[in-house]
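Here the structure comes first, spelled out in structure tokens, and everything after it is commentary.
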Amino acid sequence: MSEDQRPRLRDLFRPRPVSTDRTVTTEADEAVPLPLRITASYAWRLLLIAAAIGVFIWLVMLLKLLVIPLMVAILITALLWPAFSWMLRRGVPRWLAIAISLIGTVAIVTGLMWLVVWQVREQLPDVQQRTTEAFNQFQVWLHDGPLNLSDTQIADYLQQGLDLISEQAQLLWTGALAIGTTVGHVATGALLALFILICLLADGAGIWRWTLKVFPRRARPAVDGAARNGWATIVNYARTQLFVATIDAIGIGLGAFLLQVPLALPVAVLVFLGSFIPIVGAVVTGAVAVFLALVYNGPWIALWMLVVVLAVQQIEGHILQPIMMGSAVKVHPLAVVLVVAGGAMIAGIPGALFAVPLAAFVNVAAVTISSGSWRTGVGPSGDLIWSTVPRQRTRRNR
């Protein structure tokens, strides 16, 4: 065969029209309506995709003791990345930037935990007294309220509750042992997450270059562009949530302190941690603050606490965040709630925490590849699930 007649390698990858001359059909196939055949073709392909996703989720759940520390380390890296990259641009040695980032993070977390423990110890006697008073008031309400229960009925219900607890003693003991095992898993996962965090800060680019070699050579530029855009989205997401969590914690914690709600500082820390789960976390932690105010301070203080929670979220979402970050394209709250709920049903609290950033990464990577923006290096333009890149503001003619 001459050199001209030999097929070129690049021609093997070019799409060719599918020939229908050799398609085998039978009388039974021709008897099936065309819409039904098309529906069946879509159905088995969708089932195959669903099976692949199911196997992937099963592997993730099987290896959760490795996957969760990895995801935690990636999310913390995204939180630290703006300050870490700023130090590198200012000429700070990488080892020193890593040390400052880790020591600063540990110092902040330790300080918050110390403040929480200190306030709990300081207010524990008062909380115990208020708890006793609230329980007595609840008993009076059961006796004199709309239920109109007698003392004998209340005592019977309390005895039934104690009997139920005693019957479940074995289950509670098993749960206590499980908690001990979970504590060991948490400690091991924390050490693993710390090690992964150090590796990502020290040689994240090298790790990604090695990972990129797993993909075919022709697909590497597209995968690299999609991953870089996805990582930029994760960093922006982490920065946004850190800002939101700080504003919510300061506002709600200060409101609880001024309204003399007990354990105001632990509530603020809880709000800060819960706000990293978009929308759902802020609602749940705000409800905890309102519940504490209702139990220990009465309905009027609880109403004012609810006003504070709603006001803080409205100010943060409609005033402070646009000023600090500009107009941003965000996913609809309904989509966030559905994504968080799906993640929680699959993997509990870790699933709720990582659902939105994971969905954002997948969405941005898919848009990057489908739009071909990886060829030009320009950010993807399309329906992004999360983007905190400010839009260009039009200047008015003066």
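What you are looking at is a predicted structure, and each value in this text was computed from that prediction instead of being measured.
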field: Test log, rule side chain to side chain contact (heavy atoms under 4.5 Å, CB included), inputs F84 and I100
entry: CA-CA 9 Å; F84 179 74; I100 294 175; over 6 Å; no
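- The shortest side-chain heavy-atom distance between K213 and R220 falls under the 4.5 Å cut-off.
- No path of Ile, Leu, Val, Met, Phe, Trp and Tyr side chains, each step under 4.5 Å between heavy atoms, connects V288 with L303, placing them in separate hydrophobic clusters.
- In this structure, M113 places its CE atom where only 12 or fewer heavy-atom neighbours from other residues, nucleotides or ligands lie under 6.0 Å away.
- L294 and I252 end up in different hydrophobic clusters when Ile, Leu, Val, Met, Phe, Trp and Tyr side chains are linked at under 4.5 Å.
- The shortest heavy-atom contact between A245 and F272 is CB-O, 3.3 Å.
- Across all their heavy atoms, I301 and V261 have their closest contact at CG2-CG2, 4.3 Å.
- The distance from the CZ atom of F276 to the CG atom of L242 is 5.0 Å, given to the nearest 0.5 Å.
- Ring geometry for F215 versus W208: interplanar angle of 30 to 60°, hence tilted.
- S101 and L80 get closest at one heavy-atom pair: CB-CD1, 4.2 Å.
- Taking CG of L70 as the start and CG of L192 as the end, the distance is 8.0 Å to the nearest 0.5 Å.
- Here the CH2 atom belonging to W44 is positioned 9.5 Å from the CD1 atom belonging to I49, to the nearest 0.5 angstrom.
- Taken from CG in N229 to CD1 in I369, the straight-line distance is 10.0 Å, to the nearest 0.5 Å.
- Atoms CD1 and CD1, from I98 and I103 in turn, are 11.5 Å apart once rounded to the nearest 0.5 Å.
- Note on L96 and M87: same hydrophobic cluster, where clusters join Ile, Leu, Val, Met, Phe, Trp and Tyr whose side-chain heavy atoms are under 4.5 Å apart, directly or indirectly.
- D224 is linked by a salt bridge (Lys or Arg N to Asp or Glu O under 4.0 Å) to R228, counting only residues two or more places apart in sequence or in another chain.
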task: Please step through side chain to side chain contact (heavy atoms under 4.5 Å, CB included) for the pair V67 and M61, ending with a clear verdict.
output: CA-CA 8 Å; V67 174; M61 297 299 295; over 6 Å; no
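- Residues L191 and F195 fail the side-chain proximity criterion, which asks for heavy atoms closer than 4.5 Å.
- In this structure, N236 contributes its side chain and A232 its backbone to a donor-acceptor pair below 3.5 Å.
- Closest of all the heavy-atom pairs between G253 and A264 is O-CB, 4.0 Å.
- In the hydrophobic clustering of this structure, V271 groups with V269; members are Ile, Leu, Val, Met, Phe, Trp, Tyr whose side-chain heavy atoms approach within less than 4.5 Å, directly or through other members.
- A distance-only check finds no donor-acceptor pair linking the side chain of R121 to the backbone of V117 [under 3.5 Å].
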task: Would you check, one step at a time, whether the test side chain to side chain contact (heavy atoms under 4.5 Å, CB included) holds for L102 with L194?
output: CA-CA 9 Å; L102 294 179; L194 179 61; 4.3 Å; yes
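- Looking at every heavy atom in both residues, N297 comes nearest to P262 through OD1-CD, 3.5 Å.
- If you take CG on L115 and OG1 on T110, they are separated by 11.0 Å, rounding to the nearest 0.5 Å.
- Between F361 and P357, the closest side-chain pair of non-hydrogen atoms is not below 4.5 Å.
- Taking every heavy atom of both residues into account, I196 and A73 meet most closely at CG2-CB, 3.6 Å.
- For R217, the CZ atom is loosely surrounded, since the number of other residues' heavy atoms within 6.0 Å does not exceed 12.
- Hydrophobic cluster membership differs between L112 and I250, with clusters built from Ile, Leu, Val, Met, Phe, Trp and Tyr side chains linked at under 4.5 angstrom.
- Between L200 and W81, every side-chain heavy-atom pair lies at or beyond the 4.5 Å cut-off.
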